[in-house]
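Shown next, in structure tokens, is the structure this report addresses.
Scope of the values below: all heavy atoms of this structure, side chains included, with no hydrogens, waters or symmetry mates. In listed order, ligands and their atoms are each counted from 1. Residue numbers start at 1 and run along the sequence shown.
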Amino acid sequence: MRILLSDGSGLTSRQVASQAAAAGHQVDVVAPTRIGLAGFSRDVRRVHRVPPLGRDPYGWLEATLAVLERHRHDVLLPTQEQVAVLAREAASIRALGVGLAVPSFASLARVQDKVAQAKTLAALGLPHPRTTIAPSVEELLENVSPPAFLKAPIGTASSGVVHVTDRGQIAAATERLEREGAFEDGGVVVQAPASGPLVMVQAVFMRGRLLAWHANERVREGLNGGASSKRSVALPAVGEDLQRLGEHLEWHGAIALDAVLDDGVPTYIDINPRLVEPGNAWAAGVDLVDTMLKISTGDSVDAQPPGASGIRTHQLLSAVLAAAQRKRHARRSVALELALAIAGAGPYRDSTEELTPLWPDAVGALPLGAVAAVGLAMPQATASLAGNGVAAYALTAHAWRLVANQERPATVAV
Ligand SMILES: Nc1ncnc2c1ncn2[C@@H]1O[C@H](COP(=O)(O)OP(=O)(O)O)[C@@H](O)[C@H]1O
Ligand SMILES: [Mg+2]
């Protein structure tokens with residue numbers, strides 16, 4: 001099949017491209033830049049340039065529709081936050097005869113922003129940390145006591161989620177959140193910290209029926225709260241929770257949840273309405289990408305059995321970027337990370353790289369080579385390498401408002 005991925009910069013796209021290519025599919029991506037992770041993968045045939053989603057979601061959509069019309073892909077697979085505009089305007093994609101697995105916009109809106117997420121978790125009685133919504137600056141400053149997590153409805157680069165541990169930090173974070181308009185989009189979510197390992201859950205549904213799912217623990221934190229090392233875990237309770245969530249929302253397509261394992265009980269802290277990093281599931285025997293493709297084209301598909309537990313995977317690229325961002329001894333941390341990876345020691349022992357192929361592929365190794373070189377020479381400069389990726393796919397509060405109100409700007413940016 002010919003598949004178009006909605007993003008070319010993120011780790012998820014890079015992983016999805018590898019899985020789809022390994023299954024014999026042809027993979028293209030749309031992206032604002034050719035200098036993204038997917039552009040350096042031999043698994044991606046072509047990068048089609050489109051405007052960035054965050055600035056111009058309808059410009060992004062128009063350009064993507066034009067690519068689909070010209071190149072006749074069989075499936076458009078949302079691999080990043082473009083899923084919001086795709087769920088809103090799914091009919092225009094499907095009208096081209098292109099397969100697309102997304103939930104209805106009403107369902108998506110129940111989990112897209114963090115205020116809606118909190119309400120959905122509470123309404124379904126799914127375990128979550130104590131959560132309140134602060135509708136104004138005054139109420140936040142008056143009623144919230146540290147420690148807490150403060151979350152803007154739609155994250156921004158500088159103040160999406162903030163962990164505050166004293167009153168001074170609450171004041172500073174509140175000022176930033178207000179400046180970035182967080183209180184205009186339904187209020188700020190205030191959540192009690194949950195303690196325990198973080199678990200990342202990925203699932204695929206067909207019209208409310210759970211077809212495939214997987215859970216892995218974040219063994220090592222990578223860049224921006226991601227995982228540079230993961231280990232698959234068996235959590236039957238999560239399967240039951242997913243069934244309830246999917247049935248209630250009549251979910252169609254992929255969804256991902258973050259949970260903290262509090263005394264072994266999964267406590268949900270975040271929901272993403274899309275496929276997130278399917279590599280650990282794949283290594284454990286659960287093919288989330290294949291299930292997504294089958295749902296997209298309307299092929300018949302059976303529910304998949306759970307994967308193996310204890311399967312370890314890693315992303316060296318994410319580990320190197322995280323090491324480079326350390327406040328102290330960043331250069332030494334980058335060097336140590338590379339040495340461990342080359343030796344297959346420490347976190348790399350008995351662990352599979354999720355961003356394969358890495359070494360045998362000269363083009364595929366370029367991003368890691370660049371990050372390693374910059375990380376060793378000027379560790380702090382790697383922040384802009386990582387930041388460019390996020391800017392390429394992030395749904396901004398501005399874009400979310402345009403999509404929610406179906407506001408097509410009068411002139412389409414090119
Ligand atoms: N209530 C919480 N308890 C403990 N850790 C949390 C909590 N909320 C968020 N975190 C931490 O902050 C990270 C980012 O928060 P999250 O809500 O997942 O937002 P996002 O992924 O949109 O940035 C999480 O991966 C987790 O490490
Ligand atoms: Mg999260």
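Of all atoms in ligand 1, numbered sequentially from 1 with element shown, those under 4.0 Å from a heavy atom of Pro193 are 3 (N). Close approach of ligand 1 to Ile269 is summarised as follows: ligand atoms under 4.0 Å from at least one heavy atom of the residue are 1 (N), 2 (C), 6 (C), 7 (C), 8 (N), 9 (C), 10 (N), 17 (O), 24 (C), 26 (C). Atoms of ligand 1 found under 4.0 Å from any heavy atom of Asp258, numbered from 1 in the order shown, are 18 (O). Atoms of ligand 1 lying under 4.0 Å from at least one heavy atom of Pro129, given by number and element, are 1 (N).
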For Arg331 and Met378: C-alpha separation, side-chain torsions, deciding distance, then whether side chain to side chain contact (heavy atoms under 4.5 Å, CB included) applies. CA-CA 8 Å; Arg331 200 169 285 142; Met378 294 178 289; 5.8 Å; no
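Residue, atom and distance of the protein heavy atom nearest to atom 17 (O) of ligand 1 are Lys151 NZ, 2.8 Å. Taking atom 22 (O) of ligand 1 as the reference point, the nearest protein heavy-atom neighbour is Lys114 NZ, 2.8 Å. Here the protein heavy atom with the shortest distance to atom 23 (O) of ligand 1 is Val161 CG2, 3.9 Å. Closest to atom 21 (O) of ligand 1, if we only count protein heavy atoms, is Asp270 OD2, 3.0 Å. The nearest protein atom to atom 3 (N) of ligand 1, hydrogens excluded, is given as Ala194 N, 2.8 Å; this is a heavy-atom distance. From the protein, the heavy atom lying nearest to atom 11 (C) of ligand 1 is Phe149 CE2, 3.7 Å.
The six-membered or imidazole ring of Tyr348 lies near that of His314, with a centre-to-centre distance under 6.0 Å. Between Tyr268 and His128, the distance separating the two ring centers is not shorter than 6.0 angstrom.
Minimum-distance N/O/S atom of Asp270 relative to the Mg ion (ligand 2): OD2. Closest to the Mg ion (ligand 2) among the N, O or S atoms of Asp258 is OD2.
With no hydrogens or angles considered, no side-chain donor-acceptor pair links Ser333 and Glu337 at under 3.5 Å. Between the side chains of Ser228 and Ser318, no donor N or O sits under 3.5 Å from an acceptor N or O. For the residue pair Glu89 and Gln406, a side-chain donor N or O sits within less than 3.5 Å of a side-chain acceptor on the partner. No hydrogens or angles considered: a donor-acceptor pair under 3.5 Å links the side chains of Asn280 and Thr313.
Ionic pairing of Arg244 and Glu247 is not present here: no N-O contact between side-chain nitrogen and carboxylate oxygen is shorter than 4.0 angstrom. Ion pairing between a basic and an acidic side chain is recognised when a charged N comes within 4.0 Å of a carboxylate O; Glu354 and Arg14 show no such pairing. Salt-bridge check for Asp270 with Lys151: failed, with every basic side-chain N at 4.0 Å or more from each acidic carboxylate O.
Closest to atom 27 (O) of ligand 1 by heavy atom, among Gln191, Gln117, Arg218, is Arg218.
Ligand 1 lies within reach of Ala192, whose nearest heavy atom is under 4.0 Å from it.
Using a 4.0 Å threshold on non-hydrogen atoms, atom 13 (C) of ligand 1 does not count as touching the protein.
Below 3.5 Å of separation, one finds no N or O of Gly225 facing any N or O of ligand 1.
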